[in-house]
K.L.:
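Would you mind keeping the following structure in view while I ask a few things?
One-based numbering, in listed order, for ligands and for the atoms of each. Quantities reported herein were computed from a predicted structural model and do not represent experimental measurements.
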Amino acid sequence: MDRYAVFGNPIAHSLSPAIHALFAKAEGETIDYRAIEIPAGRFMIFAQRFFDEGGRGANVTLPYKVNAFHWAGVRSARAELAGAANFLMKRGGNIEADNTDGAGLVADLTMNLGEDLRGKRLLLFGAGGAARGVIAPLLALEPRSLVVANRTAERARDLARQFAAHGAIESSALDGVPPGAFDIVINATSGGTRGEALSLPPQVFGPDTLAYDMAYGASARSFAAQAQARGARASDGLGMLVEQAAESYLLWRGKRPATRPVLEDLRARLA
Ligand code: NDP
């Protein structure tokens, strides 16, 4: 049976094994996909052993996306732009790294939520690994502007500089966001996962805003509540998770599974 895994720490609550089991079932395939918790400082040893023992591919989540990127022998252009990898695959004796987070976000926004980003004003909160991975795919959809705002303003500035050639991108501090409501506000900060309230400028949300949190479940509630208080629609990042998984399945196995039934199944389980 073809073996796959998701590497991370902590990893016990990862939905990836359930998502890939549902994909495989729908495709009439049998795969072995497990969550593997890797102790701090031991990424290379665990990853090497997994592939030496016949593993075909792996997803990678916090805190190992940068380790995976550097460890792989071959890196896709998307991974190079993100500086991080959430995807590994053994092919022809090489370990290849890719980053499917941006494709996952774009698929969720455009296919599941029906958003057309062309000409829109986008605001991205956060300048960590997830933000870095989605900037180029967002700019490729030709929004009017993309503002990256971060608690540590310097990190937002660095990202805006790095991606300047990809489209209309600017940066700001959290208290210096340009005025007016945005069409789409994306939360790529991790505070919600630790139960920290985000102090966001409320005027970024309006009745026509889509407020999209990359987090899901309880972690996404505070951001959604702030947006909904200003009349905005809110979405969590469960769709992004499922779509990035579908991209992984496609790269590993040559078929992109249908995502809608899997998303509905997960929503029912989490409800
Ligand atoms: P990182 O640790 O790399 O970055 C964290 C970011 O959050 C930084 O910009 C940091 O700001 C900011 N931040 C943290 N706490 C606060 C706070 N209290 N107030 C304001 N800003 C804060 O994390 P990632 O980029 O990897 O992940 C970000 C989020 O995206 C997580 O919730 C993660 O679960 C989610 N995610 C979801 C995916 C999906 O498929 N749905 C895929 C990938 C990520 P500073 O620079 O100032 O420290």
Side-chain angles (χ1 to χ4, degrees), residues 6-11 13-20 59-69 78-79 81-87 98-109 112-113 123-135 137-138 147-160 162 171-177 185-201 204 211-224 226 234-249 259 262-263 266-267 270:
V6 55
F7 300 143
N9 189 348
I11 200 67
H13 296 103
S14 171
L15 294 174
S16 294
I19 293 171
H20 284 281
N59 288 124
V60 184
T61 186
L62 285 174
Y64 295 120
K65 289 185 181 184
V66 174
N67 301 69
F69 172 78
R78 297 189 297 194
L81 280 172
N86 71 333
F87 172 95
D98 201 344
N99 193 311
T100 63
D101 281 339
L105 173 65
V106 162
D108 196 31
L109 287 172
N112 299 335
L113 299 170
L123 175 60
L124 178 64
F125 280 120
R132 181 185 294 273
V134 302
I135 289 175
L138 288 173
V147 177
V148 183
N150 194 45
R151 180 176 62 181
T152 310
E154 179 68 29
R155 294 183 79 191
R157 257 202 308 278
D158 287 348
L159 285 187
Q162 184 191 335
S171 69
S172 91
L174 284 186
D175 58 3
V177 176
V185 178
I186 299 168
N187 182 21
T189 70
S190 59
T193 58
R194 290 185 302 277
E196 297 167 13
L198 288 171
S199 48
L200 304 175
V204 302
Y212 188 97
D213 199 332
M214 288 195 195
Y216 51 83
S219 309
R221 282 194 198 125
S222 158
F223 176 75
Q226 290 180 59
S235 171
D236 67 10
L238 198 58
M240 174 181 175
L241 183 74
V242 173
E243 296 296 344
Q244 65 76 28
E247 288 290 317
S248 297
Y249 201 99
T259 50
V262 174
L263 190 49
L266 292 182
R267 289 228 180 272
L270 292 175

K.L.:
Just to confirm, does any protein heavy atom lie below 4.0 Å from atom 33 (C) of ligand 1?
P.N.:
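Protein heavy atom within 4.0 Å of atom 33 (C) of ligand 1: absent.
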K.L.:
Pick one of side chain, backbone, both or neither for how Ala188 approaches ligand 1, counting any non-hydrogen atom pair under 4.0 Å.
P.N.:
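Backbone only.
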K.L.:
Could you tell me which atoms of ligand 1, counted from 1 in the order shown, lie closer than 4.0 angstrom to a heavy atom of Arg155?
P.N.:
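This gives 8 (C), 45 (P), 46 (O), 48 (O) as the contact atoms.
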K.L.:
Scan side-chain atoms only and decide if Asn59 and Ser248 contain a donor-acceptor pair under the 3.5 Å cut-off.
P.N.:
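Judged by distance alone, the side chains do pair up.
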K.L.:
Is Leu241 touching ligand 1 with its side chain, its backbone, both, or neither, if touching means heavy atoms under 4.0 Å apart?
P.N.:
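Contact part for Leu241 vs ligand 1: both backbone and side chain.
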K.L.:
Against heavy atoms of Thr193, which atoms of ligand 1 measure under 4.0 Å?
P.N.:
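Heavy-atom distances to Thr193 below 4.0 Å select 32 (O).
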K.L.:
What are the two closest heavy atoms between Ala245 and Ile19, and how far apart are they?
P.N.:
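In this case the closest contact between Ala245 and Ile19 is CB-CG2, 3.7 Å.
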K.L.:
Heavy atom under 4.0 Å from ligand 1: found in Leu198's side chain, backbone, both, or neither?
P.N.:
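For Leu198, the contact with ligand 1 is made by the side chain alone.
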K.L.:
May I ask you to decide if Ile11's main-chain N or O and Ser14's side chain share a donor-acceptor pair within less than 3.5 Å?
P.N.:
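The answer is no, because no donor-acceptor pair under 3.5 Å joins these two groups.
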K.L.:
Report yes if the side chains of Asn86 and Gln244 come closer than 4.5 Å at any heavy-atom pair, otherwise no.
P.N.:
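They are in contact (side-chain heavy atoms under 4.5 Å apart), so the answer is yes.
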K.L.:
Could you tell me which atoms of ligand 1, counted from 1 in the order shown, lie closer than 4.0 angstrom to a heavy atom of Gly126?
P.N.:
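Matching atoms, with element in brackets: 9 (O).
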K.L.:
Within the structure provided, determine whether Leu238 and Leu270 are in side-chain contact (heavy-atom separation under 4.5 Å).
P.N.:
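Side-chain contact under 4.5 Å: yes.
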K.L.:
Quick one: nearest non-hydrogen protein atom to atom 17 (C) of ligand 1, plus distance?
P.N.:
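Answer for atom 17 (C) of ligand 1: Arg151 NH1, 3.3 Å.
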K.L.:
Which pair of heavy atoms, one from Phe125 and one from Pro201, lies closest together, and at what distance?
P.N.:
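Scanning both residues completely, I find the closest heavy atoms to be CZ-CD, 4.0 Å.
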K.L.:
Has Glu247 got a side-chain atom pairing as donor or acceptor with Ala107's backbone, closer than 3.5 angstrom?
P.N.:
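Answer holds: no.
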K.L.:
Is a donor on one side and an acceptor on the other found under 3.5 Å between the side chain of Asn99 and the backbone of Ala84?
P.N.:
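Present.
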K.L.:
At a 4.0 Å cut-off, with the gap strictly under it, does some heavy atom of Glu243 reach an atom of ligand 1?
P.N.:
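The answer is no, since Glu243 has no heavy atom less than 4.0 Å from ligand 1.
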K.L.:
When you measure from atom 11 (O) of ligand 1 to every protein heavy atom, which one gives the shortest distance, and what is it?
P.N.:
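Result for atom 11 (O) of ligand 1: Asn150 OD1, 3.3 Å.
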K.L.:
At a 4.0 Å threshold, what atoms of ligand 1 neighbour a non-hydrogen atom of Arg194?
P.N.:
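Atoms satisfying the 4.0 Å criterion: 14 (C), 15 (N).
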K.L.:
Please identify which atoms of ligand 1 are closer than 4.0 Å to at least one heavy atom of Leu62.
P.N.:
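Heavy-atom distances to Leu62 below 4.0 Å select 26 (O).
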K.L.:
Side-chain contact, heavy-atom cut-off 4.5 Å: Leu266 with Tyr216?
P.N.:
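With C-beta onward as the side chain, the pair stays apart.
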K.L.:
Tell me the nearest of Gly128, Ser190, Ala84 to atom 5 (C) of ligand 1, using heavy-atom distances.
P.N.:
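Considering heavy atoms of Gly128, Ser190, Ala84, the nearest to atom 5 (C) of ligand 1 sits in Ser190.
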K.L.:
Please classify the Met214 to ligand 1 contact at 4.0 Å (heavy-atom distances, strictly less than): side chain, backbone, both or neither.
P.N.:
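Near ligand 1, Met214 shows its backbone as well as its side chain.
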K.L.:
For atom 18 (N) of ligand 1, grab the closest protein heavy atom and report residue, atom and distance to one decimal in Å.
P.N.:
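The protein heavy atom lying closest is Glu196 OE1, 2.6 Å.
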K.L.:
Tell me which protein heavy atom sits closest to atom 27 (O) of ligand 1, plus the residue, atom name and distance to 0.1 Å.
P.N.:
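Closest protein heavy atom to atom 27 (O) of ligand 1: Ala130 CB, 3.8 Å.
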K.L.:
Check each atom of ligand 1 against the heavy atoms of Gly237 and keep those under 4.0 Å away; list them by number with element.
P.N.:
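Near Gly237, meaning under 4.0 Å from one of its heavy atoms, ligand 1 has 41 (N).
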K.L.:
Could you check atom 3 (O) of ligand 1 against the protein and tell me its nearest heavy-atom contact, residue, atom and distance included?
P.N.:
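Answer for atom 3 (O) of ligand 1: Gly129 N, 3.0 Å.
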K.L.:
Any carboxylate oxygen within less than 4.0 angstrom of a Lys/Arg side-chain nitrogen, looking at Asp236 and Arg267?
P.N.:
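The answer is yes: the pair qualifies as a salt bridge.
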K.L.:
With a 4.5 Å limit on heavy-atom distance, are the side chains of Asn112 and Val242 in contact?
P.N.:
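Heavy-atom side-chain distance check fails, nothing below 4.5 Å.
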K.L.:
Any non-hydrogen side-chain atom of Phe7 less than 4.5 Å from a side-chain atom of Asn67?
P.N.:
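A side-chain contact under 4.5 Å is absent here.
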K.L.:
Thr152 to ligand 1: N or O pair under 3.5 Å?
P.N.:
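Yes.
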K.L.:
Taking non-hydrogen atoms only, is Arg132 closer than 4.0 angstrom to ligand 1 via side chain, backbone, both or neither?
P.N.:
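For Arg132, no heavy atom sits under 4.0 Å from ligand 1.
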K.L.:
Who's closest to atom 6 (C) of ligand 1 heavy-atom-wise, of Asp213, Thr189, Leu238?
P.N.:
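Closest candidate by heavy-atom distance is Thr189.
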K.L.:
Tell me whether Ala127 reaches ligand 1 (any heavy atom closer than 4.0 angstrom to a ligand atom).
P.N.:
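Ala127: in contact with ligand 1 (<4.0 Å).
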K.L.:
Do you know which two heavy atoms are closest between Ala188 and Met214, and how far apart they sit?
P.N.:
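Taking every non-hydrogen atom into account, CB-CE, 3.7 Å.
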K.L.:
With side chains defined as the heavy atoms from C-beta onward, is the minimum distance between Leu200 and Val185 less than 4.5 Å?
P.N.:
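No - every pair of side-chain heavy atoms lies 4.5 Å or more apart.
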K.L.:
Report, in ascending order of atom number, the atoms of ligand 1 lying under 4.0 Å from any heavy atom of Lys65.
P.N.:
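With Lys65 as reference, the close atoms of ligand 1 come out as 43 (C).
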